[in-house]
Participant: 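First, the structure itself, so that you have it in front of you.
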Amino acid sequence: RPVPRYVSLAVESANGRHGPGLEHQIDWVYQRAGLPLKVTGESGPWRRVLDPDGAQVWIHSRNLAERRTAYVLTEVRLARSPRQDAGAAAMLEAGVVAPLTGCEGDWRRLAIGGRVGWLKKDALWGAEDCAGL
């Protein structure tokens with residue numbers, strides 16, 4: 001798989017280490033399954049990832065999923081269709097994480113809480129491109 005690429009956290013708890021191996025100190029403990037992460041490097045089964053807050057750590061690949069998700073950067077209206085004048089499907093708070101299910105131009109389709117809607121890609125982290133969807 002190409003690097004860089006986006007993945008998501010597959011488990012409820014995973015250690016983010018300073019280097020690629022169990023002997024390296026734990027810098028972060030990630031406790032949010034589905035959190036989008038950007039793979040920026042690989043070493044054996046270890047992946048160097050960048051998180052939405054800008055931290056870069058190493059996580060074992062068994063803790064990662066290929067499923068694409070996105071992180072909402074600020075409170076925003078989820079539109080019913082990929083148009084600026086579309087009606088609202090929901091209001092999303094900053095920090096919401098949702099599966100990324102499609103793309104149309106600069107718009108990204110999210111599925112969350114039984115609702116499907118669209119946001120501009122600049123309102124999201126982890127949705128810059130549509131590779132892997």
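The analysis underlying the following values was restricted to heavy atoms, covering all of them including side chains, and did not include hydrogens, waters or symmetry mates.
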Participant: Testing the basics here: between P36 and V97, what is the closest heavy-atom pair and its distance to 0.1 Å?
Facilitator: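 Heavy atoms only, the tightest pair is CD-CG1, 4.0 Å.
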
Participant: Using every non-hydrogen atom in the two residues, find where V7 and A65 come nearest and quote the distance to one decimal.
Facilitator: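 Looking at all heavy atoms of both residues, the closest pair is CB-O, 3.2 Å.
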
Participant: Count the heavy atoms belonging to other residues, nucleotides or ligands that lie under 6.0 Å from CH2 of W46, then report whether that count exceeds 12.
Facilitator: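 Yes.
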
Participant: Could you state the interatomic distance from CG (N15) to OH (Y30), rounded to the nearest 0.5 Å?
Facilitator: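 Reported to 0.5 Å precision, the distance equals 10.5 Å.
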
Participant: Check K120 with D122, please: is the shortest side-chain N to carboxylate O separation under 4.0 Å?
Facilitator: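 So D122 does not pair with K120 through a salt bridge.
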
Participant: Do L35 and V39 sit in the same hydrophobic cluster, where Ile, Leu, Val, Met, Phe, Trp and Tyr count as joined when their side-chain heavy atoms come under 4.5 Å apart?
Facilitator: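 The answer is yes; both residues are in one hydrophobic cluster.
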
Participant: Is it possible for you to say whether L92 and W125 belong to one hydrophobic cluster, with membership spreading through side-chain heavy-atom contacts below 4.5 Å?
Facilitator: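 No; tracing contacts between hydrophobic side chains, which count when under 4.5 Å, never links both residues.
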
Participant: Treating R68 as the side-chain partner and A131 as the backbone partner, does any N or O pair qualify as donor plus acceptor under 3.5 Å?
Facilitator: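 Between the backbone of A131 and the side chain of R68 there is a qualifying donor-acceptor contact (under 3.5 Å).
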
Participant: Could you measure the distance from the CZ atom of R5 to the CG atom of D129? Nearest 0.5 Å is fine.
Facilitator: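 Going from the CZ atom of R5 to the CG atom of D129 covers 12.0 Å.
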
Participant: Between atom CZ of R77 and atom CD of Q84, what is the distance when rounded to the nearest 0.5 Å?
Facilitator: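 Answer rounded to 0.5 Å: 6.5 Å.
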
Participant: Please report the interatomic distance CG(L133) to CZ(R108), rounded to the nearest 0.5 Å.
Facilitator: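 Here the rounded value is 8.0 Å.
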
Participant: Can any side-chain N or O of R80 pair as donor or acceptor with the backbone N or O of A88 at less than 3.5 Å?
Facilitator: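 Such a contact is found between R80 side chain and A88 backbone.
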
Participant: Examine distances only and state if a side-chain atom of R48 and a backbone atom of Q56 form a donor-acceptor pair shorter than 3.5 Å.
Facilitator: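 Pair absent, no side-chain N/O of R48 close to backbone of Q56.
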
Participant: Mind listing the closest non-hydrogen atom pair of H24 and R17 along with its distance?
Facilitator: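 That closest heavy-atom pairing would be O-NH1, 2.6 Å.
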
Participant: Kindly check if the number of other-residue, nucleotide or ligand heavy atoms within 6.0 Å of CD (E93) is above 12?
Facilitator: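 At most 12 heavy atoms, drawn from other residues, nucleotides or ligands, come within 6.0 Å of this atom.
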
Participant: If you compare all heavy atoms of A89 against all heavy atoms of R115, which two are closest, and at what distance to 0.1 Å?
Facilitator: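 Answer, listing the atom of A89 first, then R115: O-NH1, 2.7 Å.
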
Participant: Let me check something: do Y6 and L37 share a hydrophobic cluster, defined by ILVMFWY side-chain heavy atoms less than 4.5 Å apart, either directly or through other members?
Facilitator: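 Same cluster: Y6 reaches L37 through Ile, Leu, Val, Met, Phe, Trp or Tyr contacts under 4.5 Å.
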
Participant: Do side-chain atoms of R67 reach the backbone of L64 as a donor and acceptor pair under 3.5 angstrom?
Facilitator: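 It does not hold such a pair.
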
Participant: Inspect the contact between E66 and R1 and indicate whether a charged nitrogen and a carboxylate oxygen are less than 4.0 angstrom apart.
Facilitator: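 Counted as a salt bridge, because a side-chain N and a carboxylate O are separated by less than 4.0 Å.
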
Participant: Would a hydrophobic clustering, with Ile, Leu, Val, Met, Phe, Trp and Tyr connected at side-chain separations under 4.5 Å, put Y71 with V96?
Facilitator: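 No, Y71 does not connect to V96 through the hydrophobic network.
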
Participant: Would you say W28 and L50 are hydrophobically clustered, going by side-chain heavy atoms of ILVMFWY under 4.5 Å?
Facilitator: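 Yes, W28 connects to L50 through the hydrophobic network.
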
Participant: Might you point out which heavy atoms bring A79 and A86 nearest each other, and give the distance in Å?
Facilitator: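 Shortest heavy-atom separation between A79 and A86 comes out as CB-CB, 4.0 Å.
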
Participant: Main chain of D53, side chain of D51: is a donor-acceptor contact present, judged purely on distance under 3.5 Å?
Facilitator: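 Yes, because the side chain of D51 sits within donor-acceptor range (under 3.5 Å) of the backbone of D53.
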
Participant: Do L9 and Q31 come within less than 4.5 Å of each other through their side chains, counting heavy atoms only?
Facilitator: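 No, every pair of side-chain atoms sits at 4.5 Å or beyond.
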
Participant: In Å, rounded to the nearest 0.5 Å, how long is the span from OG1 of T69 to CG of L124?
Facilitator: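 Reported value, rounded in 0.5 Å steps: 10.0 Å.
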
Participant: At their closest point, which heavy atom of G41 faces which heavy atom of V3, and how far apart are they?
Facilitator: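 Heavy atoms only, the tightest pair is N-CG1, 3.8 Å.
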
Participant: Enter the distance from R47:CZ to W58:CH2 here, rounded to the nearest 0.5 Å.
Facilitator: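 Reported to 0.5 Å precision, the distance equals 9.0 Å.
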
